[in-house]
Protein chains: 2
Amino acid sequence: MATVSAAPGDRAAVTPAAVRDAATTLFAEKGYHGTALSEVAARLRIRTPSLYNHMSSKQELLAEIVLTTSQEVWAEFEAAVDGRDDVVSRLREAARVYALRHATHRREALIVNRDVASLDEPVLSQVLELRRRHERAVRDLIAEGADRGVLVVETPRVASFGVLEMCVSVARWFSPGGPLTAEQVAEQYSEFALRVAGHVGAPT
Amino acid sequence: MATVSAAPGDRAAVTPAAVRDAATTLFAEKGYHGTALSEVAARLRIRTPSLYNHMSSKQELLAEIVLTTSQEVWAEFEAAVDGRDDVVSRLREAARVYALRHATHRREALIVNRDVASLDEPVLSQVLELRRRHERAVRDLIAEGADRGVLVVETPRVASFGVLEMCVSVARWFSPGGPLTAEQVAEQYSEFALRVAGHVGAPT
DNA sequence: CTACCGTACTAACGAGCGTTAATTGGTCGA
DNA sequence: TCGACCAATTAACGCTCGTTAGTACGGTAG
């Protein structure tokens with residue numbers, strides 16, 4: 001009953017969150033430039049100008065989606081590796097949460113990877129900085145493992161891109177209604193990550 | 001001297017190929033909907049309507065880029081596995097040519113993976129069919145290897161997506177001016193592919 | 001020299017975009 | 001019951017887009 005801005009009657013209320021959700025679905029499907037605000041409005045069964053009661057601009061919609069997602073990715077990485085000293089398990093958990101996010105937040109992930117170039121400054125720089133930080137952290141993880149001899153890679157940089165982008169692509173094929181849960185896929189991908197990084201672990 | 005439509009004078013001639021090349025660069029950078037034909041024209045130092053002396057529409061430009069690339073991907077796959085009976089070397093070569101293509105045809109690869117949804121029928125269906133065929137072939141390769149016991153995977157479908165999308169993402173980070181050549185990256189990625197597919201081969 | 005063909009140009013179109021302004025109408029607290 | 005507020009509406013804006021029409025020009029073949 002005390003939900004935020006709940007509709008008293010029969011139909012769902014239009015809220016800032018509802019607008020962002022509709023935009024997220026459409027941006028993911030057709031891209032930022034390929035989506036008209038009239039389509040977002042139609043999905044909410046209102047006219048286009050009414051959107052402006054709940055948002056300030058189309059660009060701000062994109063910025064909010066991409067920045068929030070990027071911040072959460074970094075926070076999840078930090079939480080995943082926090083408290084673990086074993087470099088292999090750190091890499092495994094980093095890959096797991098990254099793959100899991102791309103299975104559970106498919107729309108946001110697709111938008112981040114497709115439309116980041118459409119962002120205006122200064123958000124663009126913030127997002128790129130967060131992404132670089134994440135990439136660097138994973139690369140350092142693999143490089144450390146290689147130094148200690150628990151991982152075997154030719155080039156840590158190449159391996160880290162392989163691992164990260166493999167996880168990203170989960171968003172492109174995963175289906176919540178499919179035979180595997182997001183957690184099961186994330187588990188398999190964390191194993192893939194260790195394999196790519198040349199971890200000589202116990203196979204099954 | 002006898003090049004196709006060469007300029008007699010000092011500046012490069014505008015040809016259908018030159019238009020497609022300029023469009024490829026811009027579509028890859030800003031997306032199909034994010035690119036205006038005026039930008040394509042500006043890059044060729046002509047006015048927008050002059051483009052129509054060398055093409056028929058913006059949509060046809062996209063269709064040509066995406067369809068050609070998709071057909072070449074399938075042809076390269078067939079050539080790579082042709083004549084090899086060992087399933088492991090078939091998978092290795094399939095991954096190598098796929099990764100190599102994404103390093104050497106970065107722009108086209110980015111467009112295919114970003115703007116395929118902007119294609120009109122019937123090209124859209126043709127492209128999706130070619131993509132499905134490729135995905136299925138790689139999945140079958142991994143499934144066969146798993147059956148024969150030379151590969152170890154939990155789910156061939158998941159592993160095949162992991163392998164393919166990892167190769168695709170080469171287009172997103174590779175730089176021709178970087179420390180590694182396209183061939184070197186492709187070699188590393190073909191090794192990654194075998195690792196993901198659980199091939200217990202000779203390390204190093 | 002002339003006629004032609006290809007390529008570039010300017011001008012203009014219809015449509016759709018994101019956004020703003022002004023107005024209506026319904027809900028709820030005083 | 002009245003007034004305030006909020007969210008929806010219609011109308012309209014300035015702009016950019018892809019595309020078409022009509023025209024000028026310059027090299028080449030006859």
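Given the structure is predicted, the values throughout are model-derived calculations rather than measurements.
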> Angle class for the A:F77/A:W74 ring planes (parallel below 30°, perpendicular above 60°, tilted otherwise)?
Replying inline: parallel

Rounded to the Å, how far apart are [X] [atom1] and [N] [atom2]?
X	N	atom1	atom2	answer
B:L37	D:dC17	CG	C1'	9 Å
A:R47	C:dG18	CZ	P	16 Å
B:E39	D:dC17	CD	P	7 Å

Mind checking what makes side-chain contact (heavy atoms from CB on, under 4.5 Å) contact with [X], not counting sequence neighbours?
X	result
A:Q188	A:L180, A:F192, B:E154, B:T155, B:V158
B:S57	B:Q59, B:E60
B:A36	B:S38, B:E39
B:A17	B:T15, B:R20

> By side-chain hydrogen bond (donor to acceptor under 3.5 Å, both in side chains), which residues pair with B:R172, not counting sequence neighbours?
Replying inline: A:E165

> With sequence neighbours left out, what residues match B:S175 under side-chain hydrogen bond (donor to acceptor under 3.5 Å, both in side chains)?
Replying inline: none

> Under the salt bridge (charged side-chain N to carboxylate O under 4.0 Å, His left out) test, which residues partner B:R107, sequence neighbours left out?
Replying inline: B:D21

Between the protein and nucleotides 22-26 of chain C, are there any N/O to N/O pairs under 3.5 Å, and if so, what are the atom names and distances?
none

>> Any residue in residues 48-62 of chain A with a heavy atom nearer than 4.0 angstrom to DNA chain D? Just list them by number, or reply none.
In response: A:P49, A:S50, A:N53, A:H54

